[in-house]
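Computed from heavy atoms alone, side chains included, the values below leave out hydrogens, waters and symmetry copies.
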Amino acid sequence: MYRETAHLLLYSDLGTNSILVRIAAIIQDWESGGGEKHELVRRLYEQVKRILDLSTECGFDENLWQCYLTWVLMTNQNSFTQTCERTGASEGSVNAFAVSDFEIFRRLFHYDFSAIEADLGICCFSTICNYHAIPKREKTYNRDVSRQVLALRRSLDKAADGQEMFRLVTEYYRQYGYGMFAMNRAFRIHRHTAPEREARLEFLPISNIDDAMLSDLLGCEQQTLELRRNTEAFLAGKPANNVLLYGDAGTGKSTSVKALINEYYDQGLRMIEIYKHQFGDLSAVLSQIKRRNYRFIIFIDDLSFEENEVEYKFLKAVIEGGVETKPDNVLIYATSNRRHLIRETWNDRSDMEHKGDVHRSDTMEEKLSLASRFGVAINYNAPTPKEYQAIVKALAARRGVHLDEKELLARAQAWEIRHGGYSGRAAQQFIHYLMGLE
């Protein structure tokens with residue numbers, strides 16, 4: 001195995017701490033007679049545990065060794081994977097190197113661990129190569145990663161040679177890309193600020209994502225239609241606008257945006273959720289994603305600013321007005337209960353014209369200019385009593401709540417009075433309450 005990994009070219013930069021490199025080194029020591037057997041067993045067990053930990057996190061099953069190698073191919077960043085993400089496989093001399101690397105991976109896929117297991121008296125590789133995972137809820141692992149790895153692994157397992165593996169993997173790169181953006185729909189950001197190292201921005205995948213679709217949203221069909229139109233234009237490479245979704249609480253603003261990644265994930269849409277205190281990192285985020293072959297929505301939920309907060313200036317500069325323009329593959333979608341985002345006071349209107357009319361002061365213009373940078377503003381109004389009742393009946397039918405309509409609406413009315421008014425959120429919470437009673 002050590003000789004195999006040593007001949008990798010495009011995929012050679014695996015890192016000395018990678019599981020594959022560590023296992024190859026252990027097998028080399030075993031073949032050369034170096035090291036005590038109990039020490040070799042200990043070292044092997046450490047790496048098998050790492051495979052098990054990765055498999056639990058990502059939801060691997062069946063053949064964990066092959067799942068791990070597939071995950072390596074899917075996540076490795078090199079000049080070949082970068083090119084394939086943008087243009088797919090094309091003719092070129094580099095393909096000969098790639099096919100050679102894939103032939104090595106094919107042999108690693110079917111590596112026979114029986115000799116070392118028999119000599120060391122272990123059976124860990126036999127176990128993980130025929131693995132049956134404990135059934136678990138989808139929310140405990142990343143279902144997108146699991147689905148992609150398992151599907152590609154099964155195809156690669158049947159590949160007859162390196163040329164066929166080349167075709168399968170490059171097709172995956174063309175369709176999904178490589179790395180974390182290929183396998184995940186949504187992300188948060190985290191800045192590492194260790195004093196002994198340079199500050200580093202990290203994308204953290206969000207694995208537990210609401211599975212709502214736009215068709216699931218009731219009472220805001222016109223709003224979601226406009227949101228869909230803008231997003232589809234964006235995905236098609238046509239001109240599209242940043243979007244502000246504003247209006248009453250509980251009317252589906254945030255759910256509408258989050259539903260987009262379920263609708264359009266397979267078309268290359270990804271979402272990065274940013275919080276207000278992170279606006280200073282927006283330029284760094286854009287610099288890392290502007291060359292990737294994806295369409296990104298920067299999602300800002302519940303956006304608003306108090307009078308003394310100035311973070312909105314960072315957002316203004318990124319959206320429009322900075323020296324560096326916003327990349328074509330990025331849009332900003334924000335939700336807010338405020339149409340103009342920033343709290344206004346009568347002091348902002350204090351300078352008056354000589355006739356006594358209210359004059360928009362420079363302070364107010366500065367504050368209102370942020371909202372004007374969103375080319376599309378979609379208003380989400382609270383439903384009327386009749387619309388609220390229609391939402392309740394539709395949700396009850398969809399969730400299998402069997403209750404006399406008259407009683408259902410009477411109890412829904414009582415629920416609304418106790419829970420803050422008519423809204424889609426109140427209707428959904430009411431249905432959840434009834435399901436809990438059953």
CD-CG distance between Q429 and L395, expressed to the nearest 0.5 angstrom: 11.5 Å
Would the distance check show the side chain of [X] and the main-chain N or O of [Y] forming a donor-acceptor pair, the cut-off being under 3.5 Å?
X	Y	answer
Q222	C220	no
Q278	I189	yes
N184	A186	no
R106	E164	no
K253	D248	yes
E103	G162	yes
E117	C124	yes
D101	L9	yes

Side chain to side chain donor-acceptor pair (under 3.5 Å) partner of Y264, chosen from R295, R228, R185: R228
Lys NZ or Arg CZ of R50 over Y68 ring: under 6.0 Å, within 45°: no
cation_pi(R270, F296) dist<6.0 Å, angle<=45: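 No cation-pi geometry.
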Test ring pair (Phe, Tyr, Trp, His ring centres under 6.0 Å) applied to W65 and F113, W71, F109, F60, the passing residue: F113
Modelled atom types, side-chain donor and acceptor of N63 and R153, under 3.5 Å: no
Short side-chain donor-acceptor distance under 3.5 Å, D157 and Q66: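 Judged by distance alone, the side chains do pair up.
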Aromatic ring pairing F181/F203, orientation class (parallel under 30°, perpendicular over 60°, tilted between): perpendicular
Ring geometry between F80 and F166 (parallel below 30°, tilted from 30 to 60°, perpendicular above 60°): tilted
R43 and E39: CA distance, side-chain angles, deciding distance, salt bridge (charged side-chain N to carboxylate O under 4.0 Å, His left out) verdict: CA-CA 6 Å; R43 290 165 61 192; E39 180 62 18; 5.2 Å; no
Pair D119-K37, salt bridge (charged side-chain N to carboxylate O under 4.0 Å, His left out): steps then yes or no: CA-CA 9 Å; D119 186 50; K37 287 188 176 182; 3.2 Å; yes
R154 vs E62, salt bridge (charged side-chain N to carboxylate O under 4.0 Å, His left out): CA-CA, chis, key distance, verdict: CA-CA 10 Å; R154 291 166 186 150; E62 301 168 354; 2.6 Å; yes
Validation row: T251, N381 side chains within 4.5 angstrom (heavy atoms): no
Centroid separation Y111 to F125 less than 6.0 Å: no
